[in-house]
Amino acid sequence: MKAFAALLERLAFTPARNAKLQILQHYLERTPDPDRGYAFAALTGDLKLRTVTPGLLRGLAVERFDEVLFALSYDFVGDLAETIALIWEGEPQGELSITEAVHLLETTGKAGLPAAIAGVLDRLGPSERLAFLKLATGNLRIGLSARLARTALAQMGAPTLDEIEEVWHGLKPPYPEVFAWVEGGPRPDRAALAPFRPVMLSTPIDLDELRALDPADHVAEWKWDGIRVQAVSEGGVRRLYSRTGEDISGAFPDLIAEITWEGAVDGELLVRSEGGVASFNDLQQRLNRKTVSRALLQSHPAGLRVYDLLIWNGEDLRPRPLMDRRAVLEAADFRSDRIDISPLLSFSTWDDLAALRADPPDPVIEGVMIKRRDAPYTGGRPRGPWFKWKRDPRVVDAVLMYAQRGHGKRSGYYSDFTFGLWSGDTLVPVGKAYFGFTDEELRELDRFVRNNTTERFGPVRAVAPKLVVEVAFEGVNRSARHRSGVALRFPRISRIRWDKPAVEADRLDTLEAMIDAPNVFDAEAARAGVRHGRTKRRE
Amino acid sequence: MRADDFLYPTDAGLYCPPGDFFIDPVRPVPRALITHGHGDHARAGHGAVMATRETLDIMAIRYGEDFTAARQVADGPVRVGGVAVSFHPAGHILGSAQIRLACQGGPVITVSGDYCRTPNPVCAPWEPVPCDIFVTEATFGLPVFKHPDPAAETRKLLASMAEFPGRPHLVGAYALGKAQRVIALLRQAGYDAPIHLHGSAQRLSDYHLAEGIPLGDLRPATTPKQIEGQVVIAPPSAFASPWVQRFRDPVISFASGWMAVRARARQRGVELPLIISDHVDWPQLTQTLSELRPQEVWVTHGAEEALVRWCELNQLRARPLRLVGYEDEEE
């Protein structure tokens, strides 16, 4: 646990990607199996342990410590596991390996868990206590993606990152065969049929940057506002993966049932409605579910809009140019009315494409995708072959109403803001935003909140309605759960309007006019809403 | 005399009517007793200042010889008005003192200033000063603060220097006290190469050397080409200035008790946090109160709420003074 704790600490404080890679690689080289495999899985979020809940941790704390002192400490530290690791009174005794820690968490029953965790904390030093608690809660927060972790593996030996990614799915912690492979052993057998293949990602672009490229070298498609998925069917095994390789088949049995072909395809998961595609709001009803009810399958049927083929009828198409793959795709028969092909857009100049982007035919379009005709299908996010040119966010000028102290990196700062719009002469809160501003702006906002507090409710302060913030967002839906009756998607503070008087902030009806789709059958109103959004002033 | 008539908080700081003086006033006053030389406790412009010889020297270095109209070295017990005053080591920085106050028929009050009980090579160790009322800081007055052994933290710095031999290590440390302590800790750990200093720490470090504190070979950090792979000590504020740009790929470190909390380290962009503090941590703070067992505890600044709660739980009378103007110099 000592080495793992030191690793977590180093990774947590090291901002540079390459230094992170070096630190992780060194750890993996110096740590024996199976410790390194469990550590690796913990870092990539692949260690599926019985999750220790915040409630359990709080229970441990109040059993040992005065509730007031603990609450004051937590408020200061801003992270529950860290607070407990720091406040706990224990003396380090011997070493507890990460393997032992994992086994303990795996084998201890729910009832015995609190006592077992307390027992471990009693015999660890502070940084090991934190590492153990992070492991137990499954929340490491060290800013290291699974892909970056596998990059460190690839640096250890001959296998390339893509080769590692290909065999990865179906392998289980502590991955002894992978470590043996990177250290010169044989390539592990593909452990499962229908594995996930690394997805090709795009980078953002704007019109100025596009002008440097030749439109003739590129094709464009709509960017659908759904969920990027990979559907795979091999030897009778059919799976649906998220773009990070998470198996989400369980939530979409209706789509799985439609897969009657052999291959691996890349596309957008959408919820269908009569005559078209339903809003992202409707798709959200289907997400994050382990199982799905029959009623929901009926009311929110899932569909797939395919834009690329990775494997088709046993042939790996990925090395071939996009237009070759596209030809196979257009000739393919998916034998389902729920699966269709994302059409190519017709354009000859970037200005043509800009005009299309400005006036999409469907509210479920959030911009355009631009892809190089000759590019092979490459996992990861290579800069160049694929670009996304998202539609401009919509904005409103809202009044800052409440602020809450942040946690984690921002503990001590008022960084979570509730803003409102005018309805008559009262302000109605319409949403919360906690990013979009720079560190410098955060300090200014924090100062504003402290100097303009009118009331305090625990960590929340009400502020005088003086400051206007420009809030950018991707969409707005009706919501019965919000007092204002509307819910914003992806709101962030795009600009602080120190110059603008609060009375000149926008009104609630301005926002209501932007509502995407009151329901899936009212497409006309939805389109009207999309087109009348204001243009952004700043990213 | 009631305690509240003997010493009470005012906007200018703690005021003692029978002696007609303030302790660590935050504004110019006719007579000031100063516990230590940190800027928020020791300000210029008072009519008369009484402090330890080292504190007076430090104030003269920082503010010029005319920082006060009259000065008096606190040396043994003295009477100020009707008050018996004595200064006792606080273990915080060079010259830091606790001030004991007594008067006929009144309680004995110890104003501890900022203090620390961990041995510190650059100053005299804290001494217990029995009293009826103990006036304490609570900078790290939360049970999460248990400062580790500073020697172990110093080894972290040396280990990082060994791992990244090509990268200069910039250690943020307050120019008075912390900078010299970090240097002394490095020397105790056997590091004897030259250590480079940001300009703001130079004169105060020279003063420590003149006082016979062995800090070894100190050099200005003006010639970056020659200091690669070595240690540079600078005030943390320098890290936000273009001064940093002279170093190639530096490891940014920070020596402070706040580094115990990760979010604090991350907020500051620190890559190598070192938990080295010149203040009492929670165990030392509560141990001090348990040992002194004063009739009453007054908490000047810091996390007073938690300390007052602890006192409640341990049957000690306590109250926060809510003094303003004392920033934490480790920030």
Side-chain angles (χ1 to χ4, degrees), chain A residues 6 8-16 18-20 22-23 26 61 64-92 125-127 129-130 134 141-143 405-413 415 439-440 442-443 446, chain B residues 138-149 152-153 155-156 159-160 162-164 166-167 240 249-254 257-275 281-283 285-286 302-314 320 328 331:
Chain A
L8 287 192
E9 193 169 314
R10 295 293 307 278
L11 289 175
F13 288 116
T14 302
N18 287 344
K20 273 188 181 36
Q22 183 189 323
I23 290 164
H26 285 169
R64 296 252 184 147
F65 304 98
D66 175 58
E67 210 163 330
V68 175
L69 288 177
F70 184 79
L72 289 167
S73 298
Y74 177 37
D75 189 44
F76 184 88
V77 174
D79 179 288
L80 185 62
E82 189 181 347
T83 308
I84 292 174
L86 288 170
I87 205 172
W88 205 265
E89 286 155 1
E91 283 303 315
S127 56
R129 289 198 290 265
L130 181 59
K134 293 278 172 188
R141 286 226 200 121
I142 35 126
R405 273 215 297 275
H407 273 184
K409 197 176 167 187
R410 286 146 150 206
S411 55
Y413 283 97
S415 61
D439 287 354
E440 179 57 34
L442 172 61
R443 280 190 283 276
D446 180 71
Chain B
T139 305
F140 292 105
L142 283 169
V144 289
F145 290 110
K146 300 179 200 127
H147 301 325
D149 177 8
E153 296 298 293
R155 285 195 292 274
K156 270 197 213 167
S160 175
E163 186 170 344
F164 298 110
R167 299 175 70 188
D249 194 20
V251 174
I252 300 290
S253 179
F254 187 25
W258 298 117
M259 293 298 101
V261 174
R262 291 185 163 204
R264 288 297 186 107
R266 277 198 214 112
Q267 273 163 14
R268 309 195 63 118
V270 172
E271 199 168 335
L272 183 67
L274 301 174
I275 309 167
D281 62 2
W282 179 261
L285 191 49
T286 53
E304 57 260 33
E305 241 180 295
L307 191 60
V308 170
R309 170 67 178 175
W310 182 88
C311 289
E312 229 172 71
L313 294 171
N314 289 274
D328 176 47
E331 277 287 358

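What you are looking at is a predicted structure, and each value in this text was computed from that prediction instead of being measured. To find a chain, count down the sequence lines: A is the first, B the second, and so on, and within it residues start at 1.
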Non-hydrogen atoms of chain B under 4.5 Å away: do they reach the side chain of A12(A), the backbone, both or neither?
-> both

Identify which part of L130(A) has an atom lying under 4.5 Å from any heavy atom of chain B, answering side chain, backbone, both or neither.
-> side chain

Ion pair check, R262(B) and D79(A), cut-off under 4.0 Å = no

Looking at CZ of F140(B) and CZ of F76(A), how far apart are the two atoms once the value is rounded to the nearest 0.5 Å?
-> 8.0 Å

What is the distance from atom CD1 of I87(A) to atom CH2 of W282(B), rounded to the nearest 0.5 Å?
-> 8.5 Å

Would you find more than 12 non-hydrogen atoms of other residues, nucleotides or ligands less than 6.0 Å from E91(A) atom CD?
-> no

Smallest separation among heavy atoms of [X] and [Y], with atom names:
X: K146(B); Y: L86(A); value: NZ-O, 2.7 Å
X: V68(A); Y: R309(B); value: CB-NE, 3.5 Å
X: L69(A); Y: P143(B); value: CB-CG, 4.1 Å

CA sep, side-chain torsions, deciding dist, call: Q22(A), F164(B), side chain to side chain contact (heavy atoms under 4.5 Å, CB included) | CA-CA 11 Å; Q22(A) 183 189 323; F164(B) 298 110; 4.0 Å; yes

Is it the side chain or the backbone of P273(B) that comes within 4.5 Å of chain A heavy atoms, both, or neither?
-> side chain

